[in-house]
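Just the heavy atoms: all of them, side chains too, but no hydrogens, waters or symmetry mates, feed the values below. For ligands, and for the atoms within them, numbers begin at 1 and follow the listed sequence.
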Amino acid sequence: MNSNLTADRATFVTHLECSITGERYEADQLHGLSRAGRPLLVRYDLEAVRASLPKRMLETRPTDLWRWRELLPVRHTGNIVSLGEIETPLVPIPKSGGPNVLVKDEGRLPTGSFKARGLVMAVAMAKELGVTRIAMPTNGNAGAALAAYATRCGIETIVFCPDDTPEINVREIAMQGARVWRVNGLIDDCGAIVGKGAAEGRWFDFSTLKEPYRIEGKKTMGLELAAQFGWTLPKAIFYPTGGGTGLIGMWKAFDELEKLGWIGSERPKMFAVQASGCAPIVKAFEEGLEHAERWEDAATVAAGIRVPKAVGDFLILRAVRESGGQALAVGDPAILAAVEACAKKDGLLLCPEGGATLAAYTQALHTGLVDEEDDVVLFNCATGLKYPMPEAPQALDRTRPIDFDAL
Ligand SMILES: *Cc1c(COP(=O)(O)O)cnc(C)c1O
């Protein structure tokens, strides 16, 4: 057994690294962004992982998120906070998608969204590193996941969201023990308040990618996909991109799996999907830029991807370009039509952001970016039950004669 790994110690982290300069940072210390103001990436001793975790040993473990613990940052298993992070299923949608389209349904995770993956990790690390108070800007789901996990391990949380955040998100955040404030602005305006409080030492800043561990949690989507595809990968992945944590995380996961010798060098084409009303990454992609400008007057029904400025923009763009994929924008009408098609034809209720990936897939099929024969994975990032649905107003008066033919 590796010296890093006793019964209570379960990881192989060596250090952290600035994603833009490569500067090294020590593990086991509290970090925000790097000195260059960019996200920090966690690095592992993958040789040691390879020596101590044969693939067949992994395959005997329960298929939850913690089966990947050697590739995750939590040092002491006692610091793991869990609400039951299951491996999410791949659901075919043959009628609304096509014969080779699978939806990775992340709505089954605790708090009903894939934010649980990132936040379970970030909160466990905050606990491990002695943080007692956390603040976060959110469009809804991240705040809910933070509230749930932080409350569970006794960390205080203050959450700021745009005042038009879906009502259910604001209420679930409050219900799960956070102090939540509606702010008359967008998510980056909320982020500015969090940043100011953090600079004053009032709390630790949990904004997307401003602490290093959410990426590690989101990375498990890539690890799971590889295992679910029998240690190969799909031809293309459509990912609804706000801060891009998941896309960046999956790209990192594939790299680590290749270094472990568990997959080859082939990669899926990564499609970063945004809404036409907020598409900074698409604009930067099309203009050949390395960084994206802030998107003014952002507006879309898909609140989870209404992110005008992403601090990891260059990491998203790099992964998309290296993969041979593209950044694609879809309009709100196409998003809502895709949600409806999937629910009515395939019985799977997507969230609007999940609908955006289906709309983008359909578009990519028409423009020849993907082929109908290609295995494709779309991410449904939250349960469709959190979002408004069209009314179903028909009522039946049982005291009057019933026209059964008309039912
Ligand atoms: C956060 C969120 C996204 C965007 O995820 P990122 O990894 O931050 O880009 C998409 N959809 C939903 C429902 C979300 O909550």
Got an N/O contact under 3.5 Å between G242 and ligand 1?
-> yes
Lys/Arg-Asp/Glu bridge criterion (N-O < 4.0 Å) met for R75, E128 | no
Quick one: does P240 get within less than 4.0 Å of ligand 1, heavy atoms only?
-> yes
Closest to atom 8 (O) of ligand 1 among protein heavy atoms sits G243 N, 3.3 Å
Hey, do the aromatic rings of Y44 and F12 have their centres closer than 6.0 Å?
-> no
Would one find an N or O of K115, backbone or side chain, under 3.5 Å from an N or O of ligand 1?
-> yes
What protein heavy atom is closest to atom 7 (O) of ligand 1, reported as residue, atom name and distance in Å?
-> Y239 OH, 2.5 Å
Which one holds for N141 and ligand 1: side chain close, backbone close, both close, or neither close, with close meaning a heavy atom under 4.0 Å?
-> side chain
The answer for which part of I305 has a heavy atom under 4.0 Å from ligand 1 is side chain
Salt bridge between R38 and D313, side-chain N to carboxylate O under 4.0 Å?
-> yes
Take the angle between the ring planes of W68 and W262 and call it parallel below 30°, perpendicular above 60°, tilted in between.
-> tilted
Looking only at non-hydrogen atoms, the one of G304, A302, G244, A382 nearest atom 9 (O) of ligand 1 is G244
Which atoms of ligand 1 sit under 4.0 Å from any heavy atom of G246?
-> 7 (O)
Find all atoms of ligand 1 within a distance of less than 4.0 Å from any non-hydrogen atom belonging to T241, and give their numbers and elements.
-> 9 (O)
Numbered atoms of ligand 1 (with element) below 4.0 Å of C381, judged on heavy atoms = 10 (C), 11 (N), 12 (C), 13 (C)
K218 N/O to ligand 1 N/O under 3.5 Å = yes
Within-4.5 Å side-chain heavy-atom neighbours: D375 and L102 | no
May I ask you to say whether K252 pairs ionically with E216, meaning some side-chain N is under 4.0 Å from a carboxylate O?
-> yes
Indicate yes or no: does R306 engage D164 in a salt bridge with an N to O separation below 4.0 Å.
-> yes
Validation row, ring centre Y239 to ring centre F114 under 6.0 Å | yes
Do R267 and E322 sit within salt-bridge range, that is, some charged N less than 4.0 Å from a carboxylate O?
-> no
Is there a heavy atom in F379 that sits closer than 4.0 Å to ligand 1?
-> no
